[in-house]
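Just so we're on the same page: letters track the sequence lines, and every chain starts at 1.
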Amino acid sequence: MSNPNAGQPGEGQAEAFVPYEETELYRIRHSAAHVMAQAVLELYPEAKLAIGPPIENGFYYDFDLGTDENGNPRTFTPEDLEKIEQRMKEIIRADYPFEYRVVDAEEAKRLFANQPYKQELIEGLLKGEADEYGEEADDEAEVVISTYKHDTFEDLCRGPHVKSTGEIPVDGIKLMSVAGAYWRGDENNPMLQRIYGTAWPSKSALEQYLQMLEEARERDHRKLGRELEIFTFDEEVGPGLPLWLPNGAVIAEELENLAKEMERKHGYVRVRTPHLAKEDLFYHSGHLPYYAGSMYPPMEMEGTRYYVKPMNCPMHHKIFAARQRSYRELPLRLAEYGTCYRYEKSGELFGLMRVRSMQMNDAHIYTPVDLFEQEFLDVINMYLEYFQIFNIDRYMMRFSTHHRKGLGKKYVNKPELWQRTEQMVRDVLVKNNIPFVEVPDEAAFYGPKIDVQIWSATGREFTLATNQVDFAQPASFNLTFVNSEGEDEMPLVLHRAPLSTHERMIGFLIEHYAGNFPVWLAPEQVRVIPITDQHREYAVNIADRLFKAGVRAEADLGPDRMGNKIRQAQLKKVPYMLVVGDREMEAGTVSLRKRDGTQINAMPVDEFVALVTERIATRSPEL
RNA sequence: GCCGAUGUAGCUCAAUUGGCAGAGCAAUGCUCUUGUAAAGCAUGGGUUAUGGGUUCGAGUCCCAUCAUCGGCUCCA
């Protein structure tokens, strides 16, 4: 797929009107990849070249280094990176021109005679397959095979490049890391060695980028989650199984309260279901045929096999089927913060963003087909309401559809239903002017979906919320309702999880707010700081008063000085600090210091209580 | 799961070619009674991830396992 966020997803590119592919920076990065490949070939003459495209923030190139004397795959060492980078700078300084030429298929094959991956790419080009950028060839256009050459290095390449290596800013490049990557992104293919580099128009731009990475590390939810005591992992509990600390539990509960309010307003009813079920249920649902790879293995008792649930839907379907349903009670919207377990591969785990136990903001909407549009839109609107509350403005709606080659394997084998439901979703989106990108071959096994994509502090892309159409499970569970004609009719099911899972949502929110939660979400909302021991009782009284007003407030009665107590509260990112001494005690006031450093002295206690309770009640983003 | 790297006190990090495991912060105790981001003194804290091996001697070298990190694959 062509990356819709190719430049920077969000800030930093004011001149975003020019497509990334047409910018000078793109040519610089692409050219840097070629220069790197030359340097690698000089160091490892036997290396086989795969592909080396520009990417967001830089470029990479994939190599197959073959095997060593013992038959083990050869890999790059961190020292190699330094050598390669040094050599790249020499090549850049030598200012070799890039020369473009078109070659016919015969010559191309001869040119890359001992480059098997290039041969495969040439074959692909001739067959009109997607090129190295994943772009489908235009059926009408004739196949053009071209190369770019600089110094001793010639690569199969469409370009574009800079005029000569000297146009690559020698101080603007840096090799970042080595990684394994499968040839053509397929895990059945051999693993290649990938070197990632970054490239910028100048030394200062590079430094700025490195600085930005540094800052991103500061807001990484794994770091803040530890510092703010939100969650922890324990080796003995297991990887991907987070433990919510008291502060994290507060945030999770606030999110649940929000969800309950919102869902009540939108006509949902709540249900609760067990964490495991008999094997038969998951056969029925299609999970065992299509999803078993992500499920924990079964446990057996008295000859019956049970699975821990990877999703809540089958249970909700059983609730729908618990009695006969009438069209009069549809759409039926069943909601549950359900706890699910998925066996994510060990290398896929990532802090809170990718875990093995998760609580989903789940709901299933059973609707007659003719009410689908209305229900679907209501769900989208609920997303937008939530995003407004959290000030989430950097996201992307991704419409995932099936691909015919996956029918019966990745997707249930109902081609006409796929076509029909996908068209329904597309129509709703277009008709309501909701911006989205369509991505083929990314659907759920039971139907098309809309995912909301967001980015973690480290730049990794995640699906935050999801909204999926399901035409498969109603059929496999034989779900029906009696329509106005008195006939049995099958509903469509909408799966939706606008608040994601607690794990991913809170991981995201930590980074989104850099730990500075709005008052309503902050685990500790107010800290009262007495100046000396004589003010302890007054501090306790104020904290007590706030507590009774439903505010999460604590008095810091520790032995530290006021200055250090303020520092500690700042480090924990407590929104409000109330400093109290003689002046406040006499006047019945507090000195309010906000987390941002602003200060309001001599504020009457009543006034502060009114302020904080108003912020909480309205879920105000303001401090 | 795959490729690579890393693992020392609650946290951040030291420890020369293999030669007595240390510091700051945090914690605990005592003193100080303080006005908007760090008071002072003292004390405790470690089977150096786990299990093997090499060696007179291993945090350091080797092997295996576990976990984490950067990617790939996959995904809420």
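Nucleotides rA39(B) and rC25(B) place their P atoms 11 Å apart, quoted to the nearest Å. Atom name C1', nucleotides rU47(B) and rC32(B): the rounded distance is 41 Å, in whole Å. Annotation: rC3(B) and rU60(B) have their C1' atoms spaced 26 Å apart (nearest Å). The separation of rU48(B) from rA58(B), taken at their P atoms, amounts to 11 Å, rounded to a whole angstrom. On the C1' atoms, rU50(B) is 22 Å away from rC11(B), given to the nearest whole Å. Remark: the separation of the P atoms in rU17(B) and rC62(B) is 15 Å, to the nearest Å.
For Q534(A), counting side-chain heavy atoms from C-beta on, the closest listed nucleotide (rU33(B), rC3(B), rA76(B)) is rU33(B). Here the nucleotide nearest the side chain of T75(A), chosen from rA37(B), rG1(B), rG4(B), is rG4(B). Taking only side-chain atoms of Y196(A), from C-beta outward, the nucleotide of rG71(B), rA39(B), rU33(B) with the closest atom is rG71(B).
Donor-acceptor pairing under 3.5 Å, judged by distance alone, is absent between the side chain of R194(A) and the base of rC3(B). Evaluation of atom-type donor-acceptor distances gives no pair under 3.5 Å for the side chain of S500(A) against the base of rA76(B). In terms of polar N and O atoms assigned as donor or acceptor, the side chain of Q599(A) never comes within less than 3.5 Å of the base of rG35(B) in a complementary pairing.
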Evaluation steps, side-chain contact (heavy atoms from CB on, under 4.5 Å), between V605(A) and Y538(A): CA-CA 11 Å; V605(A) 177; Y538(A) 184 63; 3.8 Å; yes
Test log, rule side-chain contact (heavy atoms from CB on, under 4.5 Å), inputs W183(A) and D62(A): CA-CA 8 Å; W183(A) 166 236; D62(A) 286 346; 6.0 Å; no
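Between the C1' atom of rA37(B) and the CG atom of D560(A) lies a distance of 12 Å, rounded to the nearest Å. Note: CG (L352(A)) to P (rA76(B)) measures 17 Å, nearest angstrom. When the C1' atom of rU34(B) is taken as reference, atom CG of D533(A) falls 10 Å away, rounded to whole Å. Regarding L557(A), its CG atom lies at a distance of 17 Å from the P atom of rU34(B), rounded to whole Å. Rounded to an integer number of Å, the gap from M176(A) CE to rG71(B) C1' is 13 Å. Nucleotide rA38(B) holds its P atom 10 Å from the CD atom of Q568(A), rounded to whole Å. Taking atom CG of residue N57(A) and atom P of nucleotide rG70(B), one finds them 15 Å apart after rounding to whole Å. With rounding to whole Å, L175(A) atom CG is found 15 Å from rG71(B) atom C1'.
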Protein-to-nucleotide contact annotation, 5' to 3' order, nucleotides 40-51 of chain B [B base; S sugar-phosphate only; - none; under 4.0 Å, heavy atom]: ------------
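Between F376(A) atom CZ and I365(A) atom CD1 the span is 10.5 Å, to the nearest 0.5 Å.
Under the salt bridge (charged side-chain N to carboxylate O under 4.0 Å, His left out) criterion, the residue pairs touching residues 569-590 of chain A are E229(A)-K572(A), with sequence neighbours excluded. Judged as a salt bridge (charged side-chain N to carboxylate O under 4.0 Å, His left out), the pairs with a partner in residues 446-458 of chain A (not counting sequence neighbours) are, in order, R398(A)-D451(A), K449(A)-D451(A).
Looking at heavy-atom distances under 4.0 Å, F350(A) makes contact with sugar-phosphate atoms alone, never a base. Note on E236(A): nothing from the nucleic acid sits closer than 4.0 angstrom, heavy atoms only. Nucleic acid contact for M360(A): none, since no nucleic acid atom lies under 4.0 Å from a heavy atom of the residue. Among the heavy atoms of the strands lying under 4.0 Å from Q193(A) are primed sugar atoms or P, OP1, OP2 only; no base atom is included. At the heavy-atom level, L464(A) lies under 4.0 Å from the strands shown only through sugar-phosphate atoms.
Near RNA chain B, meaning a heavy atom under 4.0 Å from it, residues 216-232 of chain A has R222(A), R226(A) in order of number.
In terms of the salt bridge (charged side-chain N to carboxylate O under 4.0 Å, His left out) criterion, K594(A) has no residue partners (sequence neighbours excluded). Partners of D470(A) according to the side-chain hydrogen bond (donor to acceptor under 3.5 Å, both in side chains) rule, which considers only residues two or more places apart in sequence or in another chain, are Q473(A), H495(A). In this view, Y411(A) and D441(A) satisfy the side-chain hydrogen bond (donor to acceptor under 3.5 Å, both in side chains) rule, not counting sequence neighbours. Evaluation of the side-chain hydrogen bond (donor to acceptor under 3.5 Å, both in side chains) rule for R270(A) yields E263(A) as partners, not counting sequence neighbours. K223(A) meets the side-chain hydrogen bond (donor to acceptor under 3.5 Å, both in side chains) test with E227(A); sequence neighbours excluded. The ring pair (Phe, Tyr, Trp, His ring centres under 6.0 Å) check on Y61(A) picks up F63(A), with sequence neighbours excluded.
Of all heavy-atom pairs spanning V519(A) and V612(A), the tightest one is CG1-CG2, 4.1 Å. Residues L464(A) and M505(A) approach most closely at CD1-SD, 4.0 Å, considering heavy atoms.
A cation-pi arrangement, defined by a distance under 6.0 Å to the six-membered ring centre and an angle within 45 degrees of its axis, is present between R356(A) and Y343(A).
Position along RNA chain B of the nearest nucleotide to R583(A) versus D451(A) favours R583(A) as the more 5'-ward residue. Of the residues near RNA chain B, A181(A) and I531(A), the one whose nearest nucleotide (by heavy atom distance) lies more toward the 5' end is I531(A).
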Please write out each protein N/O paired with an N/O of nucleotides 73-75 of chain B under 3.5 Å, distance rounded to 0.1 Å.
residue, atom, partner, partner atom, Å
rU73(B), O2', E187(A), OE2, 3.2
rU73(B), O2, E348(A), OE2, 3.0
rU73(B), N3, E348(A), OE2, 3.4
rC74(B), O2, E348(A), OE1, 3.4
rC74(B), O2, E348(A), OE2, 3.3
rC74(B), O2, R354(A), NH1, 2.6
rC74(B), O2, R354(A), NH2, 2.3
rC74(B), N3, R354(A), NH1, 3.0
rC75(B), O4', R354(A), NH2, 3.4
rC75(B), O2, R504(A), NH2, 2.9

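Side-chain nitrogen and oxygen atoms of R593(A) include at least one within less than 4.0 Å of the OP1 or OP2 phosphate oxygen of rA37(B). Contact annotation: S346(A) reaches the phosphate of rG1(B) (side-chain N/O to OP1 or OP2, under 4.0 Å).
Between the side chains of R74(A) and Q193(A), no donor N or O sits under 3.5 Å from an acceptor N or O. Looking at D80(A) and Y44(A), their side chains do bring a donor and an acceptor atom within 3.5 Å of each other.
Where RNA chain B pairs in unbroken runs of 3 or more (Watson-Crick or G-U, both distances under 3.5 Å), the stems are B:1-7 with B:66-72, B:10-13 with B:22-25, B:27-31 with B:39-43, B:49-53 with B:61-65.
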